[in-house]
Amino acid sequence: HFAAAAGRAKRPRGGGRQLEAGMRGILITCNMNERKCVGEAYSLLGEYGDLLYGPEQFSDHEERLSGSEREEDEDDVEAALKKEVGQIRASTEQKLRRFQSVESGANNVVFIRTRGIEPENLVHHILKDMHATKKKKTRVILRMLPISGTCKAFMEDMKKYTETFFEPWFKVPNKGTFQIVYKARNNSHVSREEVIKELAGIVGSLNPENKVDLNNPQYTIVVEIIKNVCCLSVVRDYVLFRKYNLQEVVKSSKEDAQQNPSSLTEDQNLKVVKPETEEEEKSSKEVKQDNK
């Protein structure tokens with residue numbers, strides 16, 4: 001019994017939920033202050049999540065406490081007891097929460113598991129907005145990378161998984177120029193060169209017209225490995241949006257004038273979106289304003 005209690009006490013915050021194969025979400029890097037980073041993430045994702053997908057539905061107002069507020073209470077014994085009762089009631093509900101922080105398995109990395117949304121669309125929308133307004137919205141969040149697929153970080157698993165995962169972007173008739181960016185943390189059994197070579201080979205086999213472009217590719221394949229989990233996504237405007245760095249994207253620069261972010265229709269279910277014509281984009285913007 002005591003051993004179990006000790007084990008529980010040591011378990012990381014977030015109820016022992018950990019990043020694992022099969023999850024989707026958003027991988028966020030920060031400088032030292034992970035707790036503050038989680039708070040910023042909930043706030044930013046909540047703001048844009050409500051905007052794009054409508055407010056989250058909760059059964060009663062107590063459940064509206066954000067994850068960060070829940071964590072603030074932990075030092076206070078009375079609050080902790082109250083929280084435990086609340087959590088038992090909320091546990092089924094919480095499993096379905098739109099944004100939920102889980103242990104990432106690496107320092108200075110926060111992983112927010114998402115439900116019922118497209119991480120790529122949401123993060124692209126946030127960056128596009130920050131890039132346009134140049135309004136700084138976070139202090140400790142550095143990069144925000146959507147993760148729309150995860151698998152085990154072994155070469156065989158990655159090959160098998162990406163053969164279907166890459167299809168929406170790269171399988172005939174779809175095609176595009178691409179680059180692969182790779183980062184591994186707390187993992188020494190995977191070789192960077194091998195992963196890049198194998199994944200580039202798979203993209204090439206889906207459509208021989210897919211070509212590597214390291215300067216300004218249409219698509220950037222993000223490969224983030226933490227321990228034995230490989231996190232993947234295919235993102236647009238990686239160069240324009242400063243490698244998806246929220247601190248950098250709000251800085252003004254000359255290049256911005258020459259490039260427009262690729263446009264995205266509002267259909268959240270589409271993984272691949274044909275660029276809108278200028279006219280359509282204008283009209284969809286006007287419609288959005290009318291709806292406000």
Side-chain angles (χ1 to χ4, degrees), residues 25-56 64-69 71-72 98-101 108-112 114 117-148 181 216 218 220 222 224 233 235-268 273 275-276 278 280-292:
I26 294 158
L27 187 146
I28 299 170
T29 62
C30 63
N31 234 334
M32 305 309 282
N33 196 337
E34 285 180 33
R35 189 156 164 174
K36 191 161 189 298
C37 176
V38 171
E40 279 191 356
Y42 279 141
S43 154
L44 188 67
L45 295 171
E47 177 192 339
Y48 283 93
D50 287 357
L51 208 69
L52 284 181
Y53 302 95
E56 219 174 331
R64 295 200 76 100
L65 274 183
S66 73
S68 52
E69 283 172 61
E71 286 166 12
E72 296 299 330
R98 188 179 276 169
F99 302 112
Q100 179 64 56
S101 165
N108 294 326
V109 178
V110 163
F111 191 89
I112 306 287
T114 57
I117 64 155
E118 291 281 346
E120 278 138 2
N121 291 357
L122 179 62
V123 175
H124 188 272
H125 188 93
I126 292 171
L127 280 149
K128 189 173 174 179
D129 198 41
M130 289 176 72
H131 179 262
T133 61
K134 296 285 179 245
K135 219 165 89 183
K136 191 172 166 163
K137 284 181 173 267
T138 61
R139 290 176 61 186
V140 296
I141 291 176
L142 300 177
R143 295 171 74 213
M144 194 174 239
L145 296 168
I147 300 300
S148 50
V181 293
N216 194 19
Q218 283 169 277
T220 294
V222 175
E224 288 274 340
S233 63
V235 301
R236 293 163 301 122
D237 299 312
Y238 187 76
V239 179
L240 179 64
F241 292 162
R242 305 284 179 281
K243 301 183 176 177
Y244 278 43
N245 185 316
L246 270 52
Q247 304 300 320
E248 296 297 322
V249 79
V250 293
K251 296 176 182 171
S252 304
S253 85
K254 291 174 193 141
E255 299 105 83
D256 287 352
Q258 293 145 19
Q259 278 186 291
N260 283 318
S262 56
S263 53
L264 187 60
T265 64
E266 287 304 295
D267 190 344
Q268 252 63 44
V273 180
E276 297 174 354
E278 298 237 336
E280 280 170 36
E281 195 159 22
K282 273 189 207 132
S283 65
S284 69
K285 274 190 190 134
E286 281 155 17
V287 170
K288 266 176 246 165
Q289 279 158 359
D290 295 345
N291 289 344
K292 276 181 187 163

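On a predicted model such as this, the values are computed, not experimentally measured, just so you know. Numbers for residues simply follow the sequence, beginning at 1.
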Are the side chains of V123 and I26 in contact, using a 4.5 Å heavy-atom criterion?
yes
Does a salt bridge link K137 with E40, judged by any charged N lying under 4.0 Å from a carboxylate O?
no
T29 OG1 to R143 CZ distance, which is reported to the nearest 0.5 Å
6.0 Å
What's the separation between atom CG in N108 and atom SG in C37, rounded to the nearest 0.5 Å?
9.0 Å
Got more than 12 heavy atoms from elsewhere within 6.0 Å of NZ, K36?
yes
Between H124 and Y244, is the ring centroid distance below 6.0 Å?
no
For the CD atom of E118 and the OG atom of S233, what is their distance to the nearest 0.5 Å?
11.5 Å
Flag side-chain contact, heavy atom, 4.5 Å: Q100 against I112
no
Sorted by chain and residue number, the side-chain hydrogen bond (donor to acceptor under 3.5 Å, both in side chains) partners of K136 (sequence neighbours excluded) come out as Q247
Decide yes or no on side-chain hydrogen bond (donor to acceptor under 3.5 Å, both in side chains) for S148 and E120, but give the supporting numbers first.
CA-CA 7 Å; S148 50; E120 278 138 2; 2.5 Å; yes
Atom CG of L246 and atom CG of L44: how far apart are they, to the nearest 0.5 Å?
6.5 Å
Within-4.5 Å side-chain heavy-atom neighbours: V235 and F241
no
Reported CD1-to-CD1 distance for the pair I141 and I28, which is rounded to 0.5 angstrom
4.5 Å
Could you tell me whether a side-chain N or O of T133 sits under 3.5 Å from a main-chain N or O of D129, the two making a donor and an acceptor?
yes
Positive for side-chain contact (heavy atoms from CB on, under 4.5 Å) with Y238, one of T220, N216, L127:
T220
Locate the shortest heavy-atom distance separating M130 from V249; write the atom from each residue and the value.
CB-CG1, 4.0 Å
Tell me every residue that passes side-chain contact (heavy atoms from CB on, under 4.5 Å) with I117, counting only those two or more places apart in sequence or in another chain.
Y53, R98, F99, T114, L122
Could you tell me which residues satisfy side-chain contact (heavy atoms from CB on, under 4.5 Å) with E248, sequence neighbours excluded, listed by chain and number?
R242, N245, K251
Given side chains that start at C-beta, do those of V250 and K135 come closer than 4.5 Å, heavy atoms only?
no
Should the pair Y48 and H125 be assigned to parallel (<30°), tilted (30 to 60°) or perpendicular (>60°) ring geometry?
perpendicular
